[in-house]
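One structure is given below, encoded as structure tokens.
Ligands are counted one by one from 1 in listed order, and the atoms in each one are counted from 1 as well.
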Amino acid sequence: MSALPVAGDPAAPTAEDRAERQLLDACFLGPYGENDGLLEKLVVEFLRDHVYWRRNFHPEDPPAIPTGAATLPGYRDFEARMRRELHQLSAALKKSVPFHSPRYLGHMVSDLLLPGLVAQILALPYNPNNVSDDAAPVTVDMEVQVGLQLARMLGYPDDPARADCAFGHLTSGGTVANYQALRLALALKAFPVALRAAGVPELPAVAGGARDDHWRGDDWSAFNLGPRAGIELLVRWQAWLATLDRDARRHWRARVQAQRIEQLGLAGFFTRHLQLRVPVVLAPITAHYSWSKGLKLLGLGRDQLQLLPERGMRLDTDALEASLAECARQRQPVLLAVAVLGTTEYGTIDPVDAVVDARERWQAQGLGFGVHVDAAWGGYLATLFRNADGSLRPLQDIRREYRQFPQPEVHAAFAALGRSDSITVDPHKLGYLPYGAGAFVCRDHRAMALLAEDADYVFHTAAEADYLARYRHLGRYIPEGSKAGAAAAAVYVTHKVLPLDHAHFGRLPRQTVLAAEAFHLRAQRFATEVAGLAQALVPFAPDSNLVCLALNPAGNTEVARANAFVRTLHDELRCDPAQPLQLKQFFGSVTTLRPEALGAAETQRLLAAIGLDPATLDRGQVDGDDRLLILRHTLMNPYLVDHENGISYIDLYFEHLTRRVRALLAS
Ligand SMILES: *Cc1c(COP(=O)(O)O)cnc(C)c1O
């Protein structure tokens with residue numbers, strides 16, 4: 001097999017490349033709107049279908065709007081106003097960011113997958129509300145199925161017949177999914193303490209899990225059972241309740257409810273348990289700001305978010321270990337340890353395997369906590385690691401398809417996903433679906449009972465015990481109330497058309513990883529091309545499909561001046577509503593390298609590599625000069641290399657960048 005299968009050489013695609021491309025040809029509307037005919041046909045077809053559905057509800061009901069209405073003045077006046085406003089909207093939207101274009105290398109967004117786009121347009125006029133099956137008899141089940149599809153991709157149990165099957169639901173985005181992770185972790189952590197406080201007698205073991213009643217010891221051990229034992233305890237409690245008569249059941253349920261953190265609030269709960277401190281969340285310094293929002297929203301407060309340093313651009317596991325040791329020593333409870341699978345800024349992959357290992361070690365020593373993986377960005381990369389039967393692909397098999405991807409550490413991180421407790425993944429990022437589609441998935445659905453809004457978390461009837469039936473009233477479990485069933489339909493249909501394994505959906509992220517590898521190589525060539533004018537460097541090998549570029553004018557040693565230079569370049573690469581869109585050659589974005597994230601040694605090495613003096617950090621006039629500004633490129637567009645016309649937009653981008661660097665620096 002040649003070294004660069006797809007993205008490297010647009011001029012000489014192999015037969016294999018062509019076959020692979022053809023499968024992608026019908027996936028999107030396309031940069032040029034190539035598939036406009038297909039999209040139009042589908043939309044019109046299903047719109048007509050919707051109209052027939054309306055008419056066939058009660059065909060005997062006559063039309064309520066008279067046939068000649070369209071000629072009447074009131075109607076025409078309304079139509080004219082509507083048209084005027086719609087035309088204005090349509091005109092205004094021409095200033096939108098051209099996410100569909102292979103010249104867009106900015107943020108985490110690209111073209112939309114046709115199956116999802118059409119499913120959403122098709123479902124909109126039915127207006128299903130996924131708050132419950134009363135308002136969405138069809139799409140609510142699709143949402144629960146999406147949870148199972150994602151669970152399988154991530155390595156969680158996905159068979160609803162299994163007692164410990166995973167569960168997932170959609171959210172407006174990764175932010176709310178991360179918040180849901182915090183809510184669930186807190187519910188699970190505090191529940192054993194509530195059982196103890198309510199004086200629940202010893203619970204008989206249920207099949208498969210006779211454990212010692214660690215939770216009965218003291219509040220600290222009850223608060224530190226950890227998610228698995230917490231879920232087991234919940235199941236035993238539910239089984240015990242079911243053996244009681246109705247009055248006793250009511251009595252015990254009310255007693256426990258009165259002790260739950262959801263009932264008492266943080267203030268009530270922690271004043272009753274003065275020995276317990278408010279728990280902290282440990283997350284890498286690269287964590288998305290939704291974590292800070294989540295802690296504020298939950299009332300835990302930002303102070304409870306402990307940010308850990310990185311090493312080699314990934315979560316520093318020694319720092320995690322030191323933090324956990326300190327927590328254990330101080331009797332400081334930990335709510336969650338967060339690993340990021342595809343950081344927002346750099347696309348780097350944290351060692352999920354090491355985080356779950358650390359959790360198991362510390363749990364055995366009495367410090368229990370949950371592990372959440374924030375895979376809002378990188379979640380769909382898991383398709384690259386999955387066979388159609390759900391099994392994990394060996395590292396060697398995957399490696400054959402790329403130059404460097406995946407690093408063994410990256411493979412180990414994806415292989416360990418199934419050992420985490422919950423995961424955030426955004427279909428509206430690498431799932432190429434319209435906004436309003438994030439997802440939260442937890443490993444064992446039984447924990448969700450603790451989030452139910454009505455305290456009646458015991459399911460008596462066979463129908464309620466049925467997995468699908470239970471989650472039809474989604475609104476009981478999710479942070480939102482009413483929400484778009486059309487979004488669920490879009491995700492579901494897309495996953496059916498492109499199953500979440502390497503041979504189907506995986507073709508898409510494969511293109512993006514190959515593009516990132518080609519981009520990395522091309523960046524190295526760019527560095528030699530501009531060597532006399534500027535020093536350029538890809539500061540770290542990309543873990544996935546984001547590639548950064550550090551730049552410094554030749555001879556300059558000041559961080560502030562390098563930042564000003566990159567800022568000027570970025571000003572030309574960013575969205576500017578005051579300018580006609582067509583003036584823009586390319587769209588890119590920026591991020592920063594912070595010494596507190598990189599560590600002193602790594603910062604020194606990087607700055608020195610492009611001729612900067614680390615002592616000049618924070619000497620500039622601008623606020624951001626305590627860090628290095630770098631260009632950031634998200635390589636998500638599947639058409640970055642146009643085999644049809646032998647064009648590489650990656651080449652074009654670097655040619656453009658070379659011209660800009662010359663124009664700005666050649667005197
Ligand atoms: C984008 C992102 C989020 C937030 O997701 P939204 O969908 O924007 O709410 C959270 N975490 C990571 C790692 C992300 O990349």
Atoms in ligand 1 with a heavy atom of [X] nearer than 4.0 Å:
{"X": "Asn178", "answer": "10 (C), 11 (N)"}
{"X": "Ala376", "answer": "2 (C), 3 (C), 10 (C), 11 (N), 12 (C), 14 (C)"}
{"X": "Ser290", "answer": "10 (C)"}
{"X": "Gly173", "answer": "7 (O), 9 (O)"}
{"X": "Asp374", "answer": "10 (C), 11 (N), 12 (C), 13 (C)"}

If you take the centroid of each ring, where Trp contributes its six-membered ring, are Tyr639 and His100 closer together than 6.0 Å?
no
Do the ring centers of His169 and Phe440 come within less than 6.0 Å of each other?
yes
Below 3.5 angstrom, do we get any N/O pair linking Asp426 and ligand 1?
yes
Are any of the N/O atoms on Thr344, whether in the backbone or the side chain, positioned under 3.5 angstrom from an N/O atom of ligand 1?
yes
With backbone taken as N, CA, C and O and side chain as the heavy atoms from C-beta onward, which portion of Val176 lies under 4.0 Å from ligand 1: side chain, backbone, both, or neither?
neither
Taken to the nearest 0.5 Å, the spacing of Leu148 CG from Asp158 CG works out to 6.5 Å
To the closest 0.5 Å, what do you measure between OG1 (Thr383) and CG (Leu508)?
8.0 Å
In plain terms, say whether Arg419 and Glu360 are close enough for a salt bridge, that is, a side-chain N and a carboxylate O under 4.0 Å apart.
yes
As a check for students: among Glu345, His288, Lys429, His428, identify the option with a heavy atom nearest to atom 1 (C) of ligand 1.
Lys429
Looking at Leu308 and Ser323, what are the two nearest heavy atoms and their distance?
CD2-OG, 3.4 Å
Determine whether Ile349 and Glu409 satisfy the following criterion, side chain to side chain contact (heavy atoms under 4.5 Å, CB included), listing intermediate values before the conclusion.
CA-CA 8 Å; Ile349 309 281; Glu409 296 85 348; over 6 Å; no
Any heavy atom of Gly438 sitting closer than 4.0 Å to ligand 1?
no
Can you see whether Asn178 engages Ser290 through a side-chain donor-acceptor pair at a distance of less than 3.5 angstrom?
yes
In terms of residue, atom name and distance, what is the protein heavy atom nearest to atom 6 (P) of ligand 1?
Gly174 N, 3.3 Å
Who's the nearest protein heavy-atom neighbour of atom 9 (O) of ligand 1, and how far?
Thr175 OG1, 2.6 Å
